[in-house]
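Values below: every heavy atom of this structure, side chains too, minus hydrogens, waters and symmetry copies. In what follows, chains are A, B, ... by sequence order, proteins preceding strands, each numbered from 1.
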4 protein chains.
Amino acid sequence: MADEKGPGHSRRRERSRQAIFAATRDLVAEGPYEKVTVEAIAARAGVGKQTIYRRWPSKSSVVFAALLALSEEADGQPPALPDTGDLRADLSLVMRATVEEFADPSFDRLIRALTTEIANDAALAAEYREKLARPLAEAKEARLRSAQEAGQLDADADLGLVLEVLYAPLFQRWLHRSGPLSAAYADSLVDAALRAFGPRAGVKPPAGRTAG
Amino acid sequence: MADEKGPGHSRRRERSRQAIFAATRDLVAEGPYEKVTVEAIAARAGVGKQTIYRRWPSKSSVVFAALLALSEEADGQPPALPDTGDLRADLSLVMRATVEEFADPSFDRLIRALTTEIANDAALAAEYREKLARPLAEAKEARLRSAQEAGQLDADADLGLVLEVLYAPLFQRWLHRSGPLSAAYADSLVDAALRAFGPRAGVKPPAGRTAG
Amino acid sequence: MADEKGPGHSRRRERSRQAIFAATRDLVAEGPYEKVTVEAIAARAGVGKQTIYRRWPSKSSVVFAALLALSEEADGQPPALPDTGDLRADLSLVMRATVEEFADPSFDRLIRALTTEIANDAALAAEYREKLARPLAEAKEARLRSAQEAGQLDADADLGLVLEVLYAPLFQRWLHRSGPLSAAYADSLVDAALRAFGPRAGVKPPAGRTAG
Amino acid sequence: MADEKGPGHSRRRERSRQAIFAATRDLVAEGPYEKVTVEAIAARAGVGKQTIYRRWPSKSSVVFAALLALSEEADGQPPALPDTGDLRADLSLVMRATVEEFADPSFDRLIRALTTEIANDAALAAEYREKLARPLAEAKEARLRSAQEAGQLDADADLGLVLEVLYAPLFQRWLHRSGPLSAAYADSLVDAALRAFGPRAGVKPPAGRTAG
DNA sequence: TTCTAAACGAGACGGTACGTCGAGTCTTTAG
DNA sequence: CTAAAGACTCGACGTACCGTCTCGTTTAGAA
């Protein structure tokens with residue numbers, strides 16, 4: 001599964017790989033996306049263009065791989081969300097953190113680049129879902145499942161849908177710059193989600209709570 | 001209201017304008033977005049490149065203008081949503097229609113191009129919100145307000161937020177191809193929105209409905 | 001002979017004609033020839049492009065006409081060369097004057113432009129010969145004929161050839177910048193021509209000089 | 001002597017260089033000079049435009065280099081003129097050959113293009129003198145010097161001037177199309193030059209002929 | 001003096017070529 | 001035997017002019 005190159009050119013290989021990723025990330029974070037060219041990446045990484053094309057088929061792929069690696073570095077362990085038992089508080093915390101991430105210009109540019117590449121390339125989109133979106137979604141769903149089991153969410157709730165109702169409005173506002181991204185906005189989305197998917201009073205009492 | 005070009009080779013001007021828009025739309029709808037070049041547009045429109053650059057500063061602008069014009073043609077009158085009095089049914093209808101639009105490959109490519117251009121150009125994004133998104137949002141909010149007045153939505157509901165909860169998940173699924181866009185999905189979003197923003201049972205009974 | 005325009009918008013016509021010529025000459029004299037464009041001429045002359053194209057078929061023609069007009073202005077009367085009776089002195093004077101003309105940067109650029117246009121356009125070349133070169137050559141030949149009759153040139157000398165031997169080396173040096181254009185050089189050409197075409201000693205004694 | 005490019009993709013480089021030169025020469029020889037565009041050269045050579053611009057700064061330079069290369073190919077050895085001992089005959093031969101060259105339409109266009117480029121670009125003119133004109137002039141002067149030593153030319157004659165008197169009239173007639181280029185014309189130039197620069201009878205008897 | 005028709009200035013138009021840039025490929029040389 | 005270096009083909013970029021084509025606007029002469 002690992003790279004496991006027979007001889008030991010591994011060192012060099014890995015060094016240039018990291019240099020390419022770093023250069024890519026810096027360029028994306030720094031400036032306008034049209035300045036992110038393969039030539040600029042190669043130059044900044046101190047690498048030949050062919051060393052890039054040997055490994056990735058297109059600029060999109062490099063950018064994508066660089067951002068993917070970014071999140072993989074951070075995630076030695078799978079991402080986990082806080083679980084204090086207070087679903088509303090935990091969700092609010094996470095949503096507010098997301099809002100703040102989007103406010104960082106570097107992060108903004110990084111994600112905007114990623115989104116742009118993904119939007120027009122179905123293969124990349126699939127890889128994105130597999131390697132980035134899904135693990136994150138699973139971590140989030142885990143927290144929701146815990147809440148569901150604790151009767152804080154409707155037993156029938158589709159947890160994927162809950163996540164969409166929470167995050168998609170945030171994402172869309174950010175992408176289209178169609179409104180302010182504030183803590184209050186984050187909370188209002190948490191409120192809406194909890195109203196939509198919270199326990200339905202009197203109708204479906206949480207399992208195992210029969211003896212009120 | 002009309003073009004009313006004071007002086008002008010108005011005929012020619014308008015003809016080439018339409019040709020440019022048509023060519024742009026065709027190219028975007030037909031094929032991969034990287035084939036949509038200013039040269040291709042000019043060639044297909046039977047127009048000099050300069051005629052394009054004289055009017056728009058960038059490819060983004062032309063594409064945007066072409067799609068904008070598309071919607072302006074359709075909208076002699078402001079868009080209006082069905083209002084049968086049955087909010088759930090009306091929303092379901094509209095959401096299902098949206099789902100179907102996204103299923104059309106031409107429309108898909110059109111909107112994907114628009115989204116991509118907008119994502120990386122704040123000025124274009126502003127124009128998009130002003131000229132395309134807002135009128136549509138207002139029409140939708142009008143329908144929701146009618147429902148609110150009829151007590152089918154909570155009186156305190158932020159109608160913009162309701163729209164986001166309805167549409168953003170749909171949009172995100174489509175953009176990221178992260179799940180099927182089906183009628184059932186549309187309905188589940190309507191359900192969620194109505195649970196989140198429907199009248200709060202027993203708390204705020206709809207005005208004037210005391211005598212059931 | 002004259003333009004014989006049916007009606008007579010002559011004043012305006014003539015004004016713009018002069019403006020075009022002046023603008024053309026200024027542009028040619030000022031700067032690099034590639035900056036001499038029809039658009040630049042029209043702009044500087046305060047004239048529409050069509051006013052130029054209505055009268056001349058190409059940039060070459062305008063430039064040519066402008067320079068032609070320049071020499072026609074000067075030449076109310078046909079050009080005449082000094083005839084003091086001393087052929088060597090007269091030729092030296094004229095050749096030295098030519099050398100000095102070529103030293104003037106404006107004149108240099110003017111003639112260089114003219115030469116360039118003429119070299120690649122046989123029709124223009126014909127017009128040049130007819131309207132500019134021939135009258136000048138005839139004036140010069142007249143002076144030579146006078147000398148011939150005075151026995152200062154061989155009676156059989158081809159006067160056209162004499163002029164070529166005098167002027168062509170000068171012209172070529174100037175065109176190719178292949179050597180200094182000096183008064184001494186002018187004189188050495190006069191010497192050579194006189195040696196080549198002067199009276200052949202003892203063979204054909206000048207008429208009427210029998211009694212030395 | 002060789003290009004000696006430190007590193008080098010020499011094979012490819014040389015192949016494309018030759019292709020560019022061939023294409024340029026063909027285009028110049030074939031047709032009107034305004035059809036000789038960098039794009040046309042690149043297309044015909046099967047080469048990217050950038051490969052041309054990487055090596056030469058302007059169309060002029062390419063054309064010049066192509067024609068220069070043409071003459072360098074021919075001249076493995078330095079050019080030499082016939083020396084039969086009979087100066088008049090040798091000059092007549094060479095001048096007549098020149099006249100015939102100018103009669104060839106391809107050669108005519110080639111030289112006309114070269115002349116045009118050179119006339120308006122002092123740097124190119126310098127290179128032309130250095131690399132094309134001078135070697136040729138030196139070969140011709142060598143022949144004249146031989147004649148001078150044999151007493152067939154005046155000992156004081158400026159050989160450069162002799163060449164100018166011989167060739168400049170020919171060149172000018174050709175450039176301006178101001179008269180027929182014939183064998184007779186060539187001979188009349190030889191006659192004139194020999195009269196102008198031949199031994200001055202009785203004044204300076206040729207060296208080494210003391211014992212007349 | 002008013003009317004009429006040409007020529008006019010202005011400048012947009014369909015084009016061609018410019019010279020530059022970047023994508024992705026290919027080749028050479030150094031390590 | 002891989003990687004840096006960088007030249008290569010290709011094709012789009014955005015600009016400059018070409019020569020053509022309307023547009024109103026003078027303007028001079030005829031009515």
Side-chain angles (χ1 to χ4, degrees), chain A residues 5-7 9 12-13 15-16 34-43 45-54 56-60, chain B residues 5-13 15-16 19 34-43 45-55 57-59, chain C residues 5-13 15-16 19 34-43 45-59, chain D residues 5-13 15-16 34-40 42-43 45-55 57-59:
Chain A
K5 297 249 67 242
H9 291 291
R12 226 176 165 195
R13 186 176 179 81
R15 215 180 320 131
S16 67
E34 65 266 22
K35 298 248 165 178
V36 184
T37 68
V38 173
E39 294 196 332
I41 294 171
V47 137
K49 274 204 290 179
Q50 196 53 43
T51 300
I52 294 179
Y53 281 111
R54 220 187 319 272
W56 299 278
S58 67
K59 188 178 69 167
S60 310
Chain B
K5 307 239 69 263
H9 321 327
S10 323
R11 238 79 58 84
R12 233 175 158 200
R13 187 177 179 81
R15 215 182 317 134
S16 67
E34 64 267 22
K35 296 250 166 182
V36 183
T37 67
V38 174
E39 294 202 329
I41 293 171
V47 138
K49 273 201 290 179
Q50 200 55 51
T51 299
I52 295 179
Y53 283 114
R54 208 176 287 124
R55 304 225 243 274
S58 65
K59 191 181 65 172
Chain C
K5 302 249 65 254
H9 301 294
S10 326
R11 234 77 60 84
R12 230 178 162 197
R13 185 178 181 79
R15 216 181 318 132
S16 67
E34 65 266 23
K35 298 247 165 179
V36 183
T37 67
V38 174
E39 294 200 329
I41 294 171
V47 139
K49 276 201 291 178
Q50 197 54 45
T51 301
I52 294 178
Y53 282 112
R54 209 175 287 124
R55 304 227 236 282
W56 298 278
S58 67
K59 188 181 68 170
Chain D
K5 306 241 69 260
H9 322 322
S10 322
R11 235 78 59 83
R12 235 175 158 198
R13 188 178 179 81
R15 216 181 317 133
S16 67
E34 64 267 22
K35 297 250 165 181
V36 183
T37 67
V38 173
E39 293 202 328
V47 137
K49 273 201 291 180
Q50 199 55 52
T51 299
I52 294 179
Y53 283 112
R54 207 177 289 124
R55 303 224 242 274
S58 65
K59 190 180 66 173

Value in whole Å for how far the [atom2] atom of [N] lies from [atom1] of [X]:
{"X": "A/Lys35", "N": "E/dG22", "atom1": "NZ", "atom2": "P", "result": "8 Å"}
{"X": "B/Arg12", "N": "F/dT20", "atom1": "CZ", "atom2": "C1'", "result": "8 Å"}
{"X": "C/Lys59", "N": "F/dC17", "atom1": "NZ", "atom2": "C1'", "result": "9 Å"}
{"X": "A/Glu34", "N": "E/dC21", "atom1": "CD", "atom2": "C1'", "result": "13 Å"}
{"X": "D/Glu39", "N": "F/dA16", "atom1": "CD", "atom2": "C1'", "result": "14 Å"}
{"X": "A/Ile41", "N": "E/dG24", "atom1": "CD1", "atom2": "P", "result": "11 Å"}
{"X": "C/Ile52", "N": "F/dC17", "atom1": "CD1", "atom2": "P", "result": "14 Å"}

Under 4.0 Å, counting only non-hydrogen atoms across every strand here, what does D/Ser16 touch: a base, just sugar-phosphate, or nothing?
sugar-phosphate
Within the 4.0 Å heavy-atom criterion, would you say B/Arg15 contacts the bases, only the backbone, or no part of the nucleic acid?
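Answer is nothing: B/Arg15 stays at 4.0 Å or more from every strand.
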Could you measure the distance from the CD atom of A/Glu39 to the CD1 atom of A/Ile41? Nearest 0.5 Å is fine.
10.5 Å
Please report the closest heavy-atom contact between [X] and [Y], naming both atoms and the distance.
{"X": "B/Val38", "Y": "B/Ile52", "value": "O-CD1, 4.0 Å"}
{"X": "D/Thr37", "Y": "D/Lys59", "value": "CA-CD, 4.2 Å"}
{"X": "B/Arg13", "Y": "B/Arg55", "value": "O-NH2, 3.0 Å"}

Give a yes-or-no answer on whether the side chains of A/Ser16 and A/Arg54 include a donor-acceptor pair shorter than 3.5 Å.
no
Indicate, yes or no, whether a donor-acceptor pair under 3.5 Å links the base of E/dG9 to the side chain of C/Lys49.
no
If you take atom types as modelled and just measure distance, does the side chain of C/Gln50 reach the base of E/dC8 with a donor-acceptor pair under 3.5 Å?
no
Candidates F/dC18, E/dA23, E/dG14 - which lies nearest the side chain of B/Val47
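The listed nucleotide nearest to B/Val47's side chain is E/dG14.
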If each of D/Arg54 and C/Gly48 is mapped to the nucleotide of DNA chain E with the nearest heavy atom, which maps nearer the 5' terminus, i.e. the 5' end?
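This one resolves to C/Gly48.
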Does D/Arg55 have a side-chain nitrogen or oxygen under 4.0 Å from the phosphate oxygens OP1 or OP2 of F/dC8?
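Yes, within the criterion.
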Starting from the 5' end of DNA chain F, give me the residue, B/Val36 or C/Tyr53, whose nearest nucleotide shows up first.
B/Val36
Given that B/Ala40 and A/Thr51 both sit by DNA chain F, which one's nearest nucleotide is further toward the 5' end?
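Looking at DNA chain F, the more 5' nearest nucleotide goes with A/Thr51.
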